[in-house]
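One-based numbering, in listed order, for ligands and for the atoms of each.
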Amino acid sequence: MITFEKTPGWLDWYAGPSKPRFKLPAGAVDAHCHVFGPGALFPFAPERRYTPCDASWQQLFALRDQLGISRNVIVQATCHGADNSAMLDALAHADGRARGVATVRRGVSEAELHRMHALGVRGVRFNFVRRLVDFTPKDELVEIAQRIARLGWHVVVYFEAADLPDLWDFFTALPTQIVVDHMGRPDVSQPVDGPEFALFLRLMREHSNVWTKLSCPERLSVSGPRALNGEARPYRDVLPFAQRVLAEFPDRVLWGTDWPHPNLKDHMPDDGLLVDFVAHLAPTPEQQQRLLVSNPMRLYWPEETTA
Ligand SMILES: O=C(O)c1cc(C(=O)O)oc(=O)c1
């Protein structure tokens with residue numbers, strides 16, 4: 001049996017999260033979460049940049065039930081490279097209550113894409129975060145995007161805000177819906193009206209195929225306070241950014257826990273308090289319904305939506 005040693009300083013996901021005070025609407029979707037391994041069953045990729053703790057689908061689905069979430073979108077984590085087995089195994093055990101976002105290379109066969117579709121994959125992830133991956137050449141990504149577009153899938157992109165100018169032409173030429181991870185990772189110590197975030201808002205304004213996830217306040221926050229020890233109003237510096245996006249693009253926003261929170265360095269949030277954060281970010285029932293239910297359902301379970 002292969003055993004893996006975690007990256008030094010690795011923070012494990014928070015065991016025993018609190019029960020959220022905010023009651024999620026019926027049918028709420030966690031549109032960004034991952035599974036890690038378990039490494040003994042689904043070995044981590046040789047090219048990985050970090051070695052995480054295990055985080056199985058059993059543990060993910062237990063969290064889902066505890067937090068009052070109905071469905072998950074499981075995004076392939078970079079520690080598994082382009083071997084989607086752990087994520088697909090999770091989908092296979094989800095009773096239709098999970099969709100997946102895969103990482104594929106140019107050599108992926110049509111048969112494999114169709115197998116993944118049958119299991120619930122609806123997108124591929126292109127990652128441009130230097131600390132996580134070696135970049136895949138753009139011509140390869142374009143080829144992949146054209147192939148998956150035929151299946152009705154979309155492209156999830158992960159990048160740092162400072163890199164958006166360089167990636168703009170590539171993103172705006174993609175033939176699918178595009179979902180930007182974690183609001184394009186704004187530097188929340190800059191003003192919400194500053195030029196960097198303005199560029200991201202412009203991307204969404206000028207391109208109606210661009211969506212984003214109002215996720216990862218625990219990763220983006222500089223000032224905190226952290227979602228720990230019952231803190232009722234965590235990550236206040238992230239709120240203006242998320243609220244700005246929600247106000248302007250209420251139909252193209254998603255929310256996710258980001259469980260099991262890879263690579264956090266200074267604390268591991270209580271996921272129950274992360275659910276409570278949603279009530280601050282989207283205070284009205286109508287906003288909550290779109291963010292948590294109707295938007296993700298339209299993207300990931302369109303066959304179940306009528307509108
Ligand atoms: O910021 C990160 O470290 C991170 C990593 C991964 C991944 O390794 O896939 O996914 C995320 O959504 C965020």
Side-chain angles (χ1 to χ4, degrees), residues 4 6-14 29-39 42-57 60 63 72-88 90 98-105 121 123-136 141 154-164 167 178-188 211-222 235 238 241-242 253-269 271 274 296:
F4 290 93
K6 292 184 278 189
T7 298
W10 184 265
L11 296 181
D12 292 1
W13 45 275
Y14 189 92
V29 180
D30 174 354
H32 187 98
C33 53
H34 311 281
V35 288
F36 298 151
F42 301 106
F44 302 115
E47 72 272 25
R48 70 190 178 281
R49 296 287 173 81
Y50 62 87
T51 306
C53 61
D54 287 334
S56 67
W57 60 258
L60 174 65
L63 180 76
N72 299 99
V73 179
I74 307 175
V75 177
Q76 172 74 354
T78 59
C79 57
H80 281 294
D83 177 353
N84 296 284
S85 318
M87 185 270 291
L88 295 173
R99 295 292 194 228
V101 174
T103 295
V104 301
R105 307 271 182 249
V121 172
V124 291
R125 192 182 202 199
F126 294 169
N127 200 316
F128 302 92
V129 177
R130 287 181 188 83
R131 72 185 157 80
L132 294 172
V133 288
D134 285 331
F135 290 175
T136 308
L141 296 178
H154 59 267
V155 175
V156 172
V157 292
Y158 191 23
F159 60 91
E160 305 275 0
D163 294 323
L164 180 55
L167 291 164
I178 299 163
V179 182
V180 178
D181 277 339
H182 319 323
M183 292 188 278
R185 289 196 61 110
D187 172 356
V188 301
W211 298 50
T212 196
K213 296 171 190 165
L214 308 183
S215 48
C216 277
E218 71 286 1
R219 212 177 268 294
L220 300 173
S221 181
V222 177
Y235 312 126
V238 181
F241 290 80
V253 286
L254 306 168
W255 169 81
T257 57
D258 194 36
W259 188 89
H261 310 286
N263 301 310
L264 289 185
K265 296 284 179 251
D266 58 3
H267 75 292
M268 183 52 63
D271 294 280
L274 284 184

Open item on the list: Does ligand 1 come near enough to R131 that some N or O of the ligand is less than 3.5 Å from an N or O of the residue?
Closed with: yes
Task: Sub-3.5 Å N/O-N/O distance, D181 and ligand 1 - done: no
- [ ] Would you indicate whether the side-chain heavy atoms of C33 and L60 approach each other to under 4.5 Å?
- [x] yes
Task: Beyond-backbone contact of V121 with L88, side-chain heavy atoms, under 4.5 angstrom - done: yes
Open item on the list: Whether the T257 and D30 side chains hold a donor-acceptor pair (N or O, under 3.5 Å, no angle test) is what I'd like checked.
Closed with: yes
Open item on the list: Can you confirm whether the side chains of R131 and Y50 place a donor and an acceptor under 3.5 Å from each other?
Closed with: no
Open item on the list: So, applying side-chain hydrogen bond (donor to acceptor under 3.5 Å, both in side chains) with R49, which one of N263, D134, T78 is it?
Closed with: D134
- [ ] Starting from atom 4 (C) of ligand 1, find the nearest protein heavy-atom neighbour and note its residue, name and distance.
- [x] Y158 CE2, 3.7 Å
Open item on the list: Give me the residue, atom name and distance of the protein heavy atom closest to atom 11 (C) of ligand 1.
Closed with: R125 NH2, 3.3 Å
Those atoms of ligand 1 less than 4.0 Å from some heavy atom in [X]:
{"X": "R185", "result": "1 (O)"}
{"X": "Y50", "result": "7 (C), 8 (O)"}
{"X": "P262", "result": "3 (O), 4 (C), 5 (C), 6 (C)"}
{"X": "A77", "result": "9 (O)"}

Open item on the list: Please state which option from L264, L132, V133 has its nearest heavy atom closest to atom 5 (C) of ligand 1.
Closed with: L132
Open item on the list: Checking R48 now: which residues fulfil salt bridge (Lys or Arg N to Asp or Glu O under 4.0 Å) with it, not counting sequence neighbours?
Closed with: none
Open item on the list: Heavy-atom distances under 4.0 Å decide this one: backbone, side chain, both or neither, for T78 against ligand 1?
Closed with: both
- [ ] Answer side chain, backbone, both or neither: which part of D258 comes under 4.0 Å from ligand 1, heavy atoms only.
- [x] side chain
Task: Qualifying salt bridge (Lys or Arg N to Asp or Glu O under 4.0 Å) pairs with a residue from residues 260-269, counting only residues at least two apart or across chains - done: R226-D266
Open item on the list: I'd like to know whether the aromatic ring centres of H34 and H80 sit less than 6.0 Å apart in this structure.
Closed with: no
